[in-house]
Protein chains: 2
Amino acid sequence: MEIKSLDQTDLKILHALQENARASFAEIAKQVGLTAPAVTERIRKLEHAGVITGYRTELDLRQLGFDVQALILIEVTYKDEQAFMRYAGEKQEVLECHHLLGQSAFSLKVCVKKMLDLEALIRELMKFGQTTTHILLSEVVPRRSVF
Amino acid sequence: MEIKSLDQTDLKILHALQENARASFAEIAKQVGLTAPAVTERIRKLEHAGVITGYRTELDLRQLGFDVQALILIEVTYKDEQAFMRYAGEKQEVLECHHLLGQSAFSLKVCVKKMLDLEALIRELMKFGQTTTHILLSEVVPRRSVF
DNA sequence: GGTGAAATAAACTTGCA
DNA sequence: TGCAAGTTTATTTCACC
């Protein structure tokens, strides 16, 4: 993974891929004004450089039976940090977890089927420190591309 | 968008697509034990039913010069809700925004190049209500598939 | 780095169980 | 719904600039 200097064409490619990760190389090539092999090679380099970290499919969690999503903030006591991170990495319900600046704090995005499942999850988390839970309602901005 | 009853094959397809949104129909077909046309048709239906909401490419924001990411919680005064949502929807720096349960509260995931940009952003947000900002450090769990 | 053309592979279409 | 065979596109490879 080396440092890449990105030009305008790279940014256009990244824009196209953010909007539709399943776009064909040929489609992207047309959008950026290059041929398919040129685009393929640039994308391969962006992947190898670690600029592109993955291609994900977004699902409507509610349609899949996951009716409750929540944002949980937790202040973990320092000695439990390692155990907490292991727990977060293993728990299926934890969709995302970030380390926050200061005081061994973390944010978690979790998704469960029922409110009772959320209660159980929070009860487990409370072993690691004090939690603050916010139930997520509608997505005002679902997920924006960086450019 | 109608109600779909998903079987095990659908869940396997969704798993494969979550892990790699650019996987070919043929690859997915092999993973789930069907032929490519059958998988293609199922994915078409999942898209049309709204179960699949999009295909996104994930980028390493730091490599792209966005060194500061933050989670901002804001309690908007009720009369400013509409104006706030319009603002969040237009601001390039706001990657995600969720409505939270209770008191016209929202969470925002934002990304900026410099700390000074974050300061400017928070100053703008303060017009809509009281904010609490958490700087995001490492990703403990980057983004997990639901199944 | 990029193009254009040929070979390979994947995606659509259609008819049938 | 899914499969198989045939057709149409897309991807890959490579020689050349």
Side-chain angles (χ1 to χ4, degrees), chain A residues 1-66 143 145-147, chain B residues 1-66 143 145-147:
Chain A
M1 303 204 191
E2 293 163 31
I3 301 142
K4 276 263 322 171
S5 62
L6 306 178
D7 62 13
Q8 285 304 111
T9 304
D10 287 317
L11 297 186
K12 280 190 212 165
I13 290 170
L14 291 178
H15 178 76
L17 279 174
Q18 282 179 98
E19 294 297 315
N20 177 17
R22 280 185 79 76
S24 71
F25 294 124
E27 278 178 66
I28 299 167
K30 200 155 59 179
Q31 284 183 52
V32 306
L34 284 180
T35 56
V39 166
T40 308
E41 181 60 13
R42 276 174 181 258
I43 292 175
R44 198 194 60 74
K45 283 182 184 165
L46 289 166
E47 289 169 349
H48 193 255
V51 173
I52 293 172
T53 55
Y55 302 103
R56 296 287 160 74
T57 295
E58 293 224 299
L59 307 178
D60 182 340
L61 296 176
R62 292 205 166 74
Q63 274 203 59
L64 293 165
F66 295 94
R143 174 160 297 130
S145 303
V146 266
F147 19 66
Chain B
M1 304 205 189
E2 293 162 31
I3 300 141
K4 275 264 322 169
S5 62
L6 305 178
D7 61 13
Q8 284 306 111
T9 305
D10 287 318
L11 298 185
K12 280 190 212 166
I13 289 171
L14 292 178
H15 178 77
L17 279 174
Q18 281 178 98
E19 294 297 314
N20 178 17
R22 281 185 77 76
S24 70
F25 295 124
E27 279 178 67
I28 299 167
K30 198 154 62 180
Q31 284 183 53
V32 306
L34 283 181
T35 56
V39 166
T40 308
E41 182 57 18
R42 276 173 181 258
I43 292 176
R44 286 280 126 78
K45 284 181 182 165
L46 289 166
E47 288 170 349
H48 192 255
V51 173
I52 293 172
T53 55
Y55 302 103
R56 293 291 163 78
T57 295
E58 292 226 299
L59 307 177
D60 182 339
L61 296 176
R62 291 206 167 71
Q63 274 203 60
L64 292 166
F66 296 93
R143 173 161 297 129
S145 304
V146 266
F147 19 66

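Every chain is numbered from 1 and lettered A, B, ... according to where its sequence line falls, protein lines coming before strand lines.
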Check: Salt bridge or not for B/Glu27 and B/Lys30, using N-O below 4.0 Å?
Finding: no
Note to self: Would you say A/Thr35 places a side-chain N or O within less than 4.0 Å of OP1 or OP2 belonging to C/dT3?
What the structure shows: yes
Item checked: Under 3.5 Å donor-acceptor, A/Gln18 side chain and A/Val146 backbone -> yes
Notebook entry, point to check: Whole Å only: how far is the CG atom of B/Leu6 from the P atom of D/dT1?
Noted result: 12 Å
Item checked: Atom-to-atom span, CD of A/Glu41 to C1' of D/dT11 - whole angstrom -> 13 Å
Next item on the list: Select one nucleotide: of C/dG2, D/dT11, D/dC3, the one nearest the side-chain heavy atoms of A/Ala26.
Entry: D/dT11
Check: Atom CD1 of A/Ile13 and atom C1' of C/dG2: how far apart are they, to the nearest Å?
Finding: 12 Å
Item checked: A/Ala36 versus A/Ala29, closest heavy-atom pair with distance -> N-CB, 3.7 Å
Notebook entry, point to check: Taking the nucleotide of DNA chain C with the closest heavy atom to each, which residue, A/Arg22 or A/Gly33, is nearer the 5' end?
Noted result: A/Gly33
Check: Rounded to whole angstrom units, what separation is found between the CZ atom of A/Arg44 and the C1' atom of C/dG2?
Finding: 15 Å
Next item on the list: Send over the distance from B/Asp7 CG to D/dG2 P, rounded to a whole Å.
Entry: 8 Å
Check: For B/Glu58, does its backbone N or O pair with a side-chain atom of A/Arg56 as donor and acceptor, under 3.5 Å?
Finding: no
Item checked: A/Arg143 to B/Tyr55, cation-pi by 6.0 Å centre distance and 45° axis angle -> no
Check: Angle, rounded to 10°, between the helical axes spanning five pairs at each terminus of the helix from C/dG1-D/dC17 to C/dA17-D/dT1?
Finding: 40°
Next item on the list: Evaluate side-chain contact (heavy atoms from CB on, under 4.5 Å) for A/Leu6 paired with A/Leu46, printing each intermediate quantity in order.
Entry: CA-CA 9 Å; A/Leu6 306 178; A/Leu46 289 166; 3.5 Å; yes
Margin query: If the condition is side-chain contact (heavy atoms from CB on, under 4.5 Å), which residues does B/Thr9 pass it with, not counting sequence neighbours?
Written below: B/Asp7, B/Ile13, B/Val32, B/Leu34, B/Arg42
Next item on the list: Using atom CD1 of B/Ile28 as one end and atom C1' of D/dG2 as the other, report the distance to the nearest whole Å.
Entry: 17 Å
Item checked: Euclidean distance, atom CG of residue B/Leu34 to atom C1' of D/dC3 [Å, nearest integer] -> 10 Å
Margin query: On a heavy-atom basis, which atom in B/Gln63 and which in A/Ala49 lie closest, and how many Å separate them?
Written below: NE2-O, 2.9 Å
Find every protein N or O atom lying less than 3.5 Å from an N or O atom of nucleotides 12-15 of chain D, and list the pairs.
none

Next item on the list: Would you mind reading off the distance between B/Lys30 atom NZ and C/dA11 atom C1', rounded to a whole angstrom?
Entry: 16 Å
Item checked: Any A/Lys45 side-chain N or O less than 4.0 Å from OP1/OP2 of C/dG1 -> no
Next item on the list: Determine the minimum heavy-atom distance between B/Asp60 and A/Gly50, stating which atoms define it.
Entry: CB-O, 3.3 Å
